[in-house]
Amino acid sequence: MYDHHSQKTKAIFFMILSATLFSVMSAFIKLSGDLPFMEKALFRNLVSLIIAFSILKKKKISLWGDRKNRKMLILRSLAGSLGIISYFYSIDRLILADSSMLNKLSPFFVVLFAWIFLKTKIKIFQILSLSMALIGSLLIIKPGFHFSSTFPAIVGLGSAVVAGLAYVIVSYLGDKESSYTIVFYFSFVSTIVCFPFIFIDSVIPSPVQVMLLLCAGIAAAGGQIFLTLSYKNAPPVEVSIYQYSQIVASGILGIFLFAELPDTYSLIGYLLIFTGGYVMYILGKKESRKLREVEVND
């Protein structure tokens with residue numbers, strides 16, 4: 001028997017654990033220093049690939065999934081690859097809290113892409129929440145203030161757009177594919193995308209940098225697996241808000257590890273995005289409850 005409350009509790013736990021691991025990954029990536037961001041992305045994806053491959057082999061689960069789902073698996077992987085590359089680029093050039101916050105705009109784009117591709121109805125409150133989040137992102141980006149920070153911030157926002165698309169596809173795949181197969185596809189495609197850039201721009205990492213990148217890869221693999229499990233256990237609208245726990249963790253790590261403090265504009269932007277996300281979560285939760293009540297009465 002399906003227990004919605006139990007499934008949602010698991011989904012929330014998985015999402016918070018995922019967000020924490022992703023904030024740790026971001027810190028390790030930033031600590032690894034002046035390596036090319038594509039090299040960092042390759043290392044992160046390669047470690048995740050090895051971990052996902054090992055789990056699939058141990059559990060004797062298909063690496064490539066069902067033939068009819070492969071197009072969606074590849075699309076999810078391409079969107080995720082572009083998202084992680086964009087995010088790593090912004091991590092190197094922005095303070096950790098700003099890059100994390102821009103990336104965590106993805107729940108708003110989840111709503112938008114779910115409306116476009118899954119024909120999910122978009123509500124007025126979701127439009128208002130999205131508008132609030134975009135205004136908040138503009139305060140973080142501060143367009144025209146300094147190009148050296150504006151462009152990386154726009155790239156960081158782009159990472160949220162493609163991540164939103166990737167998460168909608170994960171939700172669509174739902175119980176169609178194993179979480180580990182989804183992560184394997186993502187890591188495999190991302191590794192292929194990043195690998196050619198090693199011949200264009202690469203630096204031999206020091207032993208310390210190798211250890212930091214290994215730790216980042218392990219944290220990323222865990223974060224990706226728990227994120228996928230979260231979206232498989234509950235609808236995105238019910239759990240995506242908990243991704244924002246990453247901002248708290250990233251802010252704390254940014255202060256203690258890098259002495260980074262967000263400026264006033266960024267703090268106001270955070271508040272707007274948090275508020276928009278919270279409103280979308282609360283009203284979305286009420287909508288889901290009403291739908292379940294109607295289904296029970298029918």
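Not a single donor-acceptor pair under 3.5 Å links the side chain of Ser100 to the backbone N or O of Ala97. At distances below 3.5 Å, at least one donor-acceptor pair connects side-chain atoms of Ser230 with backbone N or O atoms of Ala11.
The side-chain heavy atoms of Ile85 and Val193, taken from C-beta on, include a pair separated by under 4.5 Å. Side-chain contact between Lys40 and Phe28: absent, with no pair of heavy atoms (C-beta onward) separated by less than 4.5 Å. Inter-residue side-chain proximity for Thr181 and Leu63 is flagged as unmet; no heavy-atom pair is nearer than 4.5 Å. A 4.5 Å side-chain heavy-atom check between Asp66 and Lys176 finds every atom pair outside the cut-off. Between Leu102 and Ser137 the shortest side-chain heavy-atom distance falls below 4.5 Å. At least one side-chain heavy atom of Asp34 sits under 4.5 Å from a side-chain heavy atom of Gln209. For the pair Leu272/Leu139, a side-chain contact is recorded, criterion being any heavy-atom separation below 4.5 Å from C-beta on. A heavy-atom distance below 4.5 Å is not found between the side chains of Trp64 and Leu73.
Ionic pairing of Lys30 and Glu260 is present here: one or more N-O contacts between side-chain nitrogen and carboxylate oxygen are shorter than 4.0 angstrom.
The cluster map of Ile, Leu, Val, Met, Phe, Trp and Tyr, joined by side-chain heavy atoms under 4.5 Å apart, puts Tyr167 and Leu17 in the same cluster. Connection of Ile91 to Val162 is not established within any shared hydrophobic cluster, with ILVMFWY side chains joined at heavy-atom distances below 4.5 Å, either directly or through further cluster members. When hydrophobic clusters are built by joining Ile, Leu, Val, Met, Phe, Trp and Tyr residues whose side-chain heavy atoms come closer than 4.5 Å, directly or via intermediates, Val189 is grouped together with Phe184. Cluster annotation: Ile127 and Ile273 are assigned to the same hydrophobic cluster (Ile/Leu/Val/Met/Phe/Trp/Tyr, side-chain heavy-atom contacts under 4.5 Å, transitive). Taken together through direct or relayed side-chain contacts under 4.5 Å among Ile, Leu, Val, Met, Phe, Trp and Tyr, Leu42 and Ile50 form parts of separate hydrophobic clusters.
Once rounded to the nearest 0.5 Å, the distance linking OH of Tyr180 with NZ of Lys58 reads 10.0 Å. Annotation: the span from Phe88 atom CZ to Ser26 atom OG amounts to 7.0 Å, rounded to 0.5 Å. Annotation: the span from Ile182 atom CD1 to Ile169 atom CD1 amounts to 10.5 Å, rounded to 0.5 Å. With rounding to the nearest 0.5 angstrom, the CG atom of Leu212 is 6.5 Å from the OG atom of Ser32. Between the CD1 atom of Ile140 and the CG atom of Leu267 there is a distance of 9.5 Å, given to the nearest 0.5 Å. For the atom pair Asn103 CG and Phe22 CZ, the distance stands at 8.5 Å (nearest 0.5 Å).
For Phe274, the CZ atom sits in a packed shell: over 12 heavy atoms of surrounding residues, nucleotides or ligands are nearer than 6.0 Å. In this structure, Ile124 places its CD1 atom where only 12 or fewer heavy-atom neighbours from other residues, nucleotides or ligands lie under 6.0 Å away. Around the CZ atom of Phe258, the shell of radius 6.0 Å holds more than 12 heavy atoms that belong to other residues, nucleotides or ligands.
At least one cation-pi condition fails for Lys10 and Phe14: the charged atom is not both under 6.0 angstrom from the six-membered ring centre and inside a 45 degree cone around its axis.
Relative ring orientation between Phe151 and Tyr89 is described as perpendicular, the plane-to-plane angle rising above 60° on a 0-90° scale split at 30° and 60°.
The shortest non-hydrogen separation linking Ser187 to Ser48 is OG-CB, 3.3 Å. Residue Gly65 comes nearest to Glu177 through the heavy atom pair CA-OE1, 3.3 Å, listed as atom of the first residue, atom of the second, then distance. The shortest heavy-atom contact between Val203 and Glu39 is O-OE2, 2.6 Å. Summarising the geometry of Ser202 relative to Pro36, their closest heavy-atom pair is CA-CG, 4.1 Å, with the distance given to 0.1 Å. In terms of heavy-atom proximity, Ser77 sits nearest to Ser190 at O-OG, 4.3 Å. Scanning both residues, Ile192 and Pro196, for their nearest heavy atoms gives O-CD, 3.1 Å.
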Working for side chain to side chain contact (heavy atoms under 4.5 Å, CB included), residues Leu134 and Leu130: CA-CA 6 Å; Leu134 291 176; Leu130 179 58; 4.2 Å; yes
Trace of the side chain to side chain contact (heavy atoms under 4.5 Å, CB included) decision for Val161 with Phe113: CA-CA 9 Å; Val161 176; Phe113 285 122; 4.0 Å; yes
Test log, rule side chain to side chain contact (heavy atoms under 4.5 Å, CB included), inputs Asp201 and Met38: CA-CA 8 Å; Asp201 182 24; Met38 289 296 285; over 6 Å; no
Intermediate values then yes/no, side chain to side chain contact (heavy atoms under 4.5 Å, CB included), Arg76 and Tyr172: CA-CA 10 Å; Arg76 180 265 179 271; Tyr172 165 79; over 6 Å; no
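Ile74 pairs in a side chain to side chain contact (heavy atoms under 4.5 Å, CB included) with only one of the listed residues (Phe186, Phe188, Tyr185), which is Tyr185. Tested against Met211, the residues Leu214, Val208, Leu213 include a single side chain to side chain contact (heavy atoms under 4.5 Å, CB included) partner, Leu214.
Tyr278 and Ser129 share no donor-acceptor pair across their side chains, judged by distance under 3.5 Å alone.
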